[in-house]
Number of protein chains: 2
Amino acid sequence: MTGQTDSVLTEAALDTALRELIGYSMKRATAMVTADAARVLEPMGLRITTFSALTVICNAPGVRQTELAAALGMERSNSVAVIDTLEKAHWITRERSARDRRAIALQPTTAGIMRQKQARLALLTHEDRMFAGLSQIERRELVKLLSRIRA
Amino acid sequence: MTGQTDSVLTEAALDTALRELIGYSMKRATAMVTADAARVLEPMGLRITTFSALTVICNAPGVRQTELAAALGMERSNSVAVIDTLEKAHWITRERSARDRRAIALQPTTAGIMRQKQARLALLTHEDRMFAGLSQIERRELVKLLSRIRA
DNA sequence: TGATATTTGTTATGCCGTATAACTATTATT
DNA sequence: AATAATAGTTATACGGCATAACAAATATCA
């Protein structure tokens, strides 16, 4: 006995009606990918947010917290805890800016740079597995289409 | 004075390095789209989750809570509050199944069906605005690419 | 048939991401 | 010099999501 036939539609993925909404497909697919990414990062002591922040800091040493938050599309206030985490792990340092003593310049440490490289490779490997069904061209096409969505 | 040149990379979107990760682009784009969808639904007393559940129930009347949760990729436990909300708004009813008294069949009310249709149209309209930069073919292409991502 | 396992809906709880308001120290404006 | 704006910070709250535990009902199988 397979059970469940209270419903009218005997089969056919129950969320078919939702699939006409692009946002729904995006959300489901993204949930899969990010959950996977989180799993990859976790053993390295990173979360998606902290990895993203670390990456920006490694690629733009001296960046300010406000710039960082804006780059990642997060609130300044929420970036504080993320940066705290990175600092406590000794992957970055906070340095008060000389010419604007309100601002703080974020600098990656050697350990931070190493950890970022390691995590980046792990993520690339994992994405390669996750997007194995898509060719390189299709992956680029996907990213390109996503980049053309505008609020 | 434009300010900020503590950083080395003078310009060039601070998150460029993250853009090599497809998941990052997916997450940012999805955040935009879902935030927008939430804004559309809010005046109708719906959130994305409740709208999704209502839609499934309207398209598969009699569906069980467990089936619903599975269809939406959420935990059974988390579906309870969502269904509570829909029930309190009188958009659905819970009916104990006769042949399995553990199970509950979810039925949409007339008001629920109307609200779903209204919300669906509002979302379609809004998606049309949000994906205006993509042709119909490109939108289908995007969804198709997303559907081919596998865990 | 009767003991045991499984399933359904449910409650409780906690974590993460996110949003807003308010505060301070500092800098910019006028 | 007075006022406004900005950078970082704290506190707080909400929504999404995950896990564990439980009662009631059903399924399994010795």
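Since this is a predicted model, take the numbers as computed values, not measurements. For the numbers below, each heavy atom of this structure counts, side chains included, while hydrogens, waters and symmetry mates do not.
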Kindly say whether A/F131 contributes a backbone atom to a donor-acceptor pair with the side chain of A/R139 at under 3.5 angstrom? yes
Starting from P on D/dG8, measure out to CE on A/M74 and report it in whole angstrom. 14 Å
Set of residues satisfying side chain to side chain contact (heavy atoms under 4.5 Å, CB included) with respect to B/M130, sequence neighbours excluded: A/I149, A/A151, B/M32, B/V33, B/D36
Sequence-aligned protein contact record of nucleotides 21-30 of chain C, with B where the base is within under 4.0 Å of a protein heavy atom and S where only the sugar-phosphate is: B---BBS---
So B/L21 and A/F51, do their side chains get closer than 4.5 Å, heavy atoms only? yes
Sequence neighbours left out, what passes side chain to side chain contact (heavy atoms under 4.5 Å, CB included) with B/R101? Give chain and number order. none
In a table with atom names and distances, give each donor-acceptor pair under 3.5 Å that connects a side chain of residues 68-79 of chain A to protein atoms at least two apart or in another chain.
from	atom 1	to	atom 2	distance (Å)
A/S79	OG	A/R76	O	2.6

Tell me: CZ of B/R96 to C1' of C/dT8, nearest whole Å? 8 Å
Rounded to whole Å, CG of A/L72 lies from P of C/dG17 at a distance of 12 Å
With A/R115, which residues qualify under salt bridge (charged side-chain N to carboxylate O under 4.0 Å, His left out), at least two apart? none
Nearest listed nucleotide, side chain of B/R94, among C/dT10, D/dC17, C/dT8: C/dT10
Nearest 0.5 Å, please: how far is CZ in B/R28 from OG in A/S52? 9.0 Å
Rounded to the Å, how far apart are A/N78 CG and D/dT12 C1'? 11 Å
Can you tell me how far P of C/dT7 sits from CZ of B/R64, to the nearest Å? 12 Å
So, using side chain to side chain contact (heavy atoms under 4.5 Å, CB included) as the criterion, who are the partners of A/R148 when residues are at least two apart? A/L145, B/L134, B/E138
Protein and nucleotides 13-16 of chain D: nitrogen or oxygen contacts under 3.5 angstrom:
from	atom 1	to	atom 2	distance (Å)
D/dG15	OP1	B/R47	NH1	3.1
D/dG16	OP1	B/T49	OG1	2.8

Gap between atom CG of B/L146 and atom CZ of A/R19 - 0.5 Å precision: 9.0 Å
Mind checking A/Q65 for me? I need base, sugar-phosphate or nothing, with any heavy atom below 4.0 Å counting as a touch. sugar-phosphate
Between residues 36-46 of chain B and DNA chain C, which residues have a heavy-atom gap below 4.0 Å? none
Besides A/M114, the hydrophobic cluster formed by Ile, Leu, Val, Met, Phe, Trp and Tyr side chains linked at under 4.5 Å, directly or via other members, contains none
Qualifying residues under side chain to side chain contact (heavy atoms under 4.5 Å, CB included), relative to A/T109, sequence neighbours excluded: A/T93, A/A111
Report, as yes or no, whether the 6.0 Å neighbourhood of atom CD1 on A/I137 holds more than 12 heavy atoms from other residues, nucleotides or ligands. no
Angle separating the five-pair end axes of the helix from C/dT1-D/dA30 to C/dT30-D/dA1, nearest 10°, is 20°
From the list C/dT10, C/dT18, D/dG8, which nucleotide is the closest neighbour of the side chain of A/I104? D/dG8
Which residues share a salt bridge (charged side-chain N to carboxylate O under 4.0 Å, His left out) with A/E87, sequence neighbours left out: A/R94
Separation of D/dT9 atom C1' from A/L68 atom CG, nearest Å, is 15 Å
Interatomic distance where CD belongs to B/E75 and C1' belongs to C/dT11 [whole Å]: 15 Å
Using 4.0 Å as the upper bound for N to carboxylate O, is an ion pair formed by A/E20 and B/R120? yes
Most 5' of A/A31 and A/V80 on DNA chain D, judged by nearest nucleotide: A/V80
Side chain of A/D84 (C-beta onward), nearest among C/dT11, C/dT20, D/dT10: D/dT10
